[in-house]
2 protein chains.
Amino acid sequence: MLMGMADISTIRVPSGYEREFPGASRSAAEIAANLVRAGTEFLTEIDRPTRKAAGLSARGFQTLAILDGAGGPLPGYSIAEQMLISSASMTSLLDTLQRRALIERHPHPTDRRKVLIHLTDDGQRIVDQQLPAIHAVITQALIAIPEEDREPFLATLTAVRIGLAALTETPPPQHKARRTARRADL
Amino acid sequence: MLMGMADISTIRVPSGYEREFPGASRSAAEIAANLVRAGTEFLTEIDRPTRKAAGLSARGFQTLAILDGAGGPLPGYSIAEQMLISSASMTSLLDTLQRRALIERHPHPTDRRKVLIHLTDDGQRIVDQQLPAIHAVITQALIAIPEEDREPFLATLTAVRIGLAALTETPPPQHKARRTARRADL
DNA sequence: TATTGTTATACTCTATAACTATA
DNA sequence: TATAGTTATAGAGTATAACAATA
C-alpha cells in the first residue's frame, strides 16, 4: 500500500548537522534535499499521463519524443547518445517499442551498418496526444510561481548544474569523518 | 560509448512553443526542464561515491540511510512507506541487502507479524563512510550559490512541490490539442 | 477483517562481453 | 581499425496477484 501525500513543507536539516559532518553546509544540504525531491516528484507527475494512457515507460516515451523532436528518422546510436545509454540497452528499448509497433527499423540508404529508426503513425499519435497533456501538467503545477520569480529561479538552477558539472572534472572533495553522536540526533 | 559533458547552460524552449501547445507556458516549460535535469544530475553525483565504494544501488543505500536516521531497527512496512514502494518490492530489496550482510531480520518481540530490520556493523560502516562523502559533494556543488540566494530558492522549490501535490488531488488539467506545424520547428 | 510479509511471476532497464557486418 | 548494431547473459528494481500468519 502506498501512503497518501502528507502536507508539503520545506525539508529541513536538523541543527546538529554541521557538527556531525564537519565542513558540510546545512543550507546546501537543505537545497539538495528539496531540489532532488522536487525533481523526482515532477518526473513522476510528467510520467503519470504517459504511463496511464499508453502503458509506456518513461524511457520508451523519451525515445519517441526524441524522434519526434528530430523531425525525421534517426540512427540508433544517435538516440542512445542523447539518452546516455549503451548501444545494447538501446537495442533492447527499440525491441520493446517495435513489438508495440510504435517504431520501425529501416536500413540506412548509404551506410549499411546503420539502422534508421522511424516513428510509426501509432507512435506519432502517442506523442501528439501525450505532449499536450504533459505540458498542461507542467503549466498547472507552476501556476503559483510569480513571473518575476522565474528567471532568478532558473538562474540558480543553472548555477547548481554548473557546480555539479565542475565536480565531475575534479577529484572528489575532501571531507572529514562523521562525528557520530547519538544516532537519534540526526 | 557515453559522451562527455558539454558546456552547461540554461535549457531553453523554442519560441514557437506556446503556439504549438495552446495554453501552455513557455517559462513553466523551461523551469520544468531545468529543474528535472538539475535534480537528476544531483542524484547521479550523490550516487557516484556510493556505487563506487560499496557497489550499492541508490535504493539499497537509501534503505540503509533510513535505518541509520531512525536510530534503531524498523519494521519493513515503515521503510516501504517512506520509499513509496510496495511491500513485495521491499522484500526484494531487503533480500539483496541481507545477502550482502548489510541488514538482518529479527522477529518483533511482541507483534509476531512484524519483522524488525537491523543495520549490521558492515551496514553501519557503509553509512558512516558514505554519508560524509555525499555531504561533501553537496556542499561543494553549491559553493557558488550566495547565501542570500538560498532561502528564496528553497521557497520557490517548496512552492513547486506544493503545486505538484495539488495536481495529484485534482482531475488532470484540461488542454487543447497540439498544433502540429512542421516537426523540425520544435 | 485488517495488517505484515512472503512467494511467484513477469516486465523494463541496465551493464558487460562476444560477435557480425560494414566502413 | 573503428563504427553500428545484435545476441547472450545477468542482475536490480518494480508491479500485481495470491497467499499465510497474526492481530
Side-chain angles (χ1 to χ4, degrees), chain A residues 1-4 40 43-44 47-48 50-52 54-66 73-100 102-118, chain B residues 1-3 40 43-44 47-48 50-52 54-67 73-100 102-118:
Chain A
M1 202 259 302
L2 303 184
M3 14 134 298
T40 305
L43 259 189
T44 303
D47 235 34
R48 189 192 308 279
T50 304
R51 288 186 185 275
K52 209 162 187 175
L56 212 53
S57 72
R59 283 308 221 179
F61 183 76
Q62 191 184 353
T63 306
L64 301 185
I66 286 174
L74 291 175
Y77 73 93
S78 113
I79 307 177
E81 271 176 7
Q82 288 187 59
M83 297 178 64
L84 294 176
I85 59 176
S86 68
S87 60
S89 298
M90 193 73 239
T91 297
S92 155
L93 253 177
L94 293 175
D95 288 347
T96 302
L97 292 171
Q98 192 169 26
R99 214 180 317 127
R100 302 190 186 173
L102 304 179
I103 60 118
E104 283 171 358
R105 286 186 241 228
H106 295 289
H108 190 285
T110 64
D111 187 337
R112 299 205 302 179
R113 292 172 305 178
K114 297 184 183 172
V115 176
L116 283 177
I117 313 300
H118 292 248
Chain B
M1 202 261 300
L2 304 184
M3 10 135 301
T40 305
L43 259 190
T44 304
D47 236 33
R48 190 191 307 278
T50 304
R51 287 187 187 276
K52 210 164 188 174
L56 213 53
S57 73
R59 283 311 220 177
F61 183 76
Q62 190 184 355
T63 306
L64 301 186
I66 286 174
L67 284 168
L74 290 175
Y77 75 91
S78 113
I79 308 178
E81 272 177 6
Q82 289 187 57
M83 298 179 64
L84 294 177
I85 60 177
S86 68
S87 59
S89 299
M90 193 72 240
T91 297
S92 155
L93 253 179
L94 293 175
D95 287 347
T96 303
L97 293 171
Q98 191 170 27
R99 215 180 314 125
R100 302 189 187 175
L102 304 180
I103 58 116
E104 284 170 357
R105 287 186 239 226
H106 295 289
H108 190 285
T110 64
D111 187 337
R112 300 204 302 180
R113 291 173 305 180
K114 297 185 183 172
V115 176
L116 282 177
I117 313 300
H118 292 248

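These numbers come from a predicted model, not from an experiment. Values reported hereafter were calculated over all heavy atoms of this structure, with side chains retained and with hydrogens, waters and symmetry mates removed. Here is the naming used below: chain letters follow the sequence lines, and residue numbers restart at 1 for every chain.
Between the side chain of A:Arg112 and the base of C:dT22 there is no donor-acceptor pair of N/O atoms closer than 3.5 Å.
Set against D:dG5, C:dT6, D:dA2, the side chain of A:Arg113 has D:dA2 as its closest nucleotide.
Atom-to-atom, CG of A:Leu94 to C1' of D:dA4 comes out at 12 Å; the value is rounded to the nearest Å. When the P atom of C:dT4 is taken as reference, atom CZ of B:Arg105 falls 16 Å away, rounded to whole Å. When rounded to the nearest whole Å, the span between CD1 of A:Ile85 and P of D:dA12 equals 20 Å. Whole-Å rounding puts the A:His106 NE2 to D:dA4 C1' distance at 18 Å. Atom OH in B:Tyr77 sits about 14 Å away from atom P in C:dT6, given to the nearest Å. Atom C1' of nucleotide C:dT4 and atom CG of B:Leu74 are separated by 15 Å, given to the nearest angstrom. Atom pair A:Ile117:CD1 and D:dT6:P shows a separation of 7 Å (rounding to whole Å applied). The interatomic distance linking A:Leu56 (CG) with D:dT14 (C1') rounds to 16 Å, in whole Å.
Look at A:Arg100 and you'll find a side-chain N or O under 4.0 angstrom from OP1 or OP2 of C:dT12.
Among the heavy atoms of the strands lying under 4.0 Å from A:Thr110 are primed sugar atoms or P, OP1, OP2 only; no base atom is included. Residue A:Thr96 is in sugar-phosphate contact alone, with no base atom involved, counting any heavy-atom pair closer than 4.0 Å across all strands shown.
Along DNA chain D, the nucleotide nearest to A:Asp111 and the one nearest to A:Ser92 differ in position, and the one closer to the 5' end is contacted by A:Asp111.
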